[in-house]
Structure formats: structure tokens, C-alpha cells
Amino acid sequence: MLFDAPVTAPARGLDPAWLDYNGHLNMAYYNVLFDQGADHVFELIGCGPGYLAARSLSFFTAEAHVCYVRELKPDAMVSASSQVLDFDAKRIHLFQELRHVEGWLSATSETLLLHIDMSGPKVAPMPEDVLARVKAMHEAHKRLPRPERAGRSIGIVRSKATGTT
């Protein structure tokens, strides 16, 4: 199995209903675009729309961290790229970038995905065929540099001496 490094979803425009009163993409819809990018990854690893019906298995997001870098205007065309940073039998650590088709970075998202047995629902190991594809994707992505924004946390940095920013 060969995978692009990173995996890039097809470019798309913005839904006009997603725009806010400031005239740009509302922050919630960046997550929709990242989720659609993750859906592209799921298709490639064999966990597309039929996965739940066929196996009673799915993925849930346990944690996500979005960084908004540059606003998107109504006529923007964008695409989400995805890089598997790490994985184990039950989890995938995914880093995504949302880029305008002109190449500039709009936002990033770092996500921890849990593989779920829907009969519980409970966290469960991925089937061997899915795990093999995740491993192959990770192998392709290991050659990529670690994203600068990966592993960030939220906080106000203060000077120890003065207590100011």
C-alpha cells in the first residue's frame, strides 16, 4: 500500500451558510473542513461510510486543537492535508493543515482519534486489515518533518520576573 505524504483531500469551496457576520468563515466550520479531510483518510484506510454498517466499528474524536492562522473569505477554495504522527492498536494521532489553493496556510488541527466498537460503545483495537493500512500510511508520513504546531498547548506566557506577557 502506497500513500501520499501527506494525504490531501480534494479542494472545495466554502458553503455560504458557514460565513459569519465578520464576512469570513466561522470558526466552527474549520472543524467541518478538517473532519471532511479526516473522512478522506478514513476512506483510504478502509473505514469509509460503509465501515459502521459492515463492522459496527467507527472512530470518535477524543481531543482536537485548532490553530487559526489566516482567515478565509467567501470565495476561498481550500484543501485539507493529513499526516499520521503516531498510532497504536486503538488510536490515531493526526495532524492536519487547511490551505488555500494558492498555497497559504489558513489553519491547523491536531487530533486524537479513538477506534470504537459501537456495541458498547467502547474503545477497541482496529481490525488487522485497517491497522495494516494505518501502519503503511504512518510509514509514508514518518519521512515528513514534524509539524511546527504539533504538540502545542494553550496558555499565556508570562515573564517570571514581572508576571507580564
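Computed from a predicted model, the values in this text were never measured in an experiment. Worth knowing before you read on, the calculation uses all heavy atoms, side chains too, and leaves out hydrogens, waters and symmetry mates.
No more than 12 heavy-atom neighbours from other residues, nucleotides or ligands sit within 6.0 angstrom of CE on Met27.
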**Request:** For side-chain contact (heavy atoms from CB on, under 4.5 Å), just list the numbers for Phe95 and Arg146, CA-CA rounded to whole Å, side-chain angles, deciding distance to a tenth of an Å, and then say yes or no.
**Result:** CA-CA 9 Å; Phe95 189 86; Arg146 183 165 177 86; over 6 Å; no
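Applying the side chain to side chain donor-acceptor pair (under 3.5 Å) test to Ser82 and every residue at least two apart in sequence or in another chain returns Gln96. His138 is linked by a ring pair (Phe, Tyr, Trp, His ring centres under 6.0 Å) to Phe87, counting only residues two or more places apart in sequence or in another chain. Annotation: side chain to side chain donor-acceptor pair (under 3.5 Å) contacts of Ser153 (sequence neighbours excluded): none.
Between atom CG of residue Leu85 and atom CG of residue Leu94 there is a gap of 7.5 Å, rounded to the nearest 0.5 Å. Residue Ser79 holds its OG atom at 7.5 Å from CG of Leu98, rounded to the nearest 0.5 Å. Within the model, atoms CG of Leu19 and CG of Asn26 stand 9.0 Å from one another, a figure rounded to the nearest 0.5 Å.
For the pair His141 (side chain) and Val84 (backbone), a donor-acceptor distance under 3.5 Å is present.
Val78 and Trp104 fall within a single hydrophobic cluster, where Ile, Leu, Val, Met, Phe, Trp and Tyr side chains are chained together by heavy-atom contacts under 4.5 Å. By the rule that hydrophobic residues join a cluster once side-chain heavy atoms approach within less than 4.5 Å of another member, Leu114 and Leu57 end up as members of separate clusters. Under the 4.5 Å side-chain heavy-atom criterion for grouping Ile, Leu, Val, Met, Phe, Trp and Tyr, Phe59 is not connected to Met118 through any hydrophobic cluster.
Sequence neighbours left out, the pairs with a member in residues 62-72 that pass side chain to side chain donor-acceptor pair (under 3.5 Å) are His24-Glu71, Glu71-Lys73. Residues in residues 93-104 take part in these salt bridge (charged side-chain N to carboxylate O under 4.0 Å, His left out) pairs, two or more places apart or across chains: Glu97-Arg99.
Phe60 pairs with exactly one of Leu113, Leu112, Ile116 by the side chain to side chain contact (heavy atoms under 4.5 Å, CB included) rule, that one being Ile116.
Side-chain contact between Thr108 and Val66 is absent, with no heavy atoms from C-beta onward closer than 4.5 Å.
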Donor-acceptor pairs are to be reported for all side-chain atoms of residues 28-51 against protein atoms at under 3.5 Å, with residues two or more places apart or in another chain.
| from | atom 1 | to | atom 2 | distance (Å) |
| --- | --- | --- | --- | --- |
| Tyr30 | OH | Leu72 | N | 3.3 |
| Gln36 | OE1 | Arg12 | NH1 | 2.9 |
| Tyr51 | OH | His115 | NE2 | 2.7 |

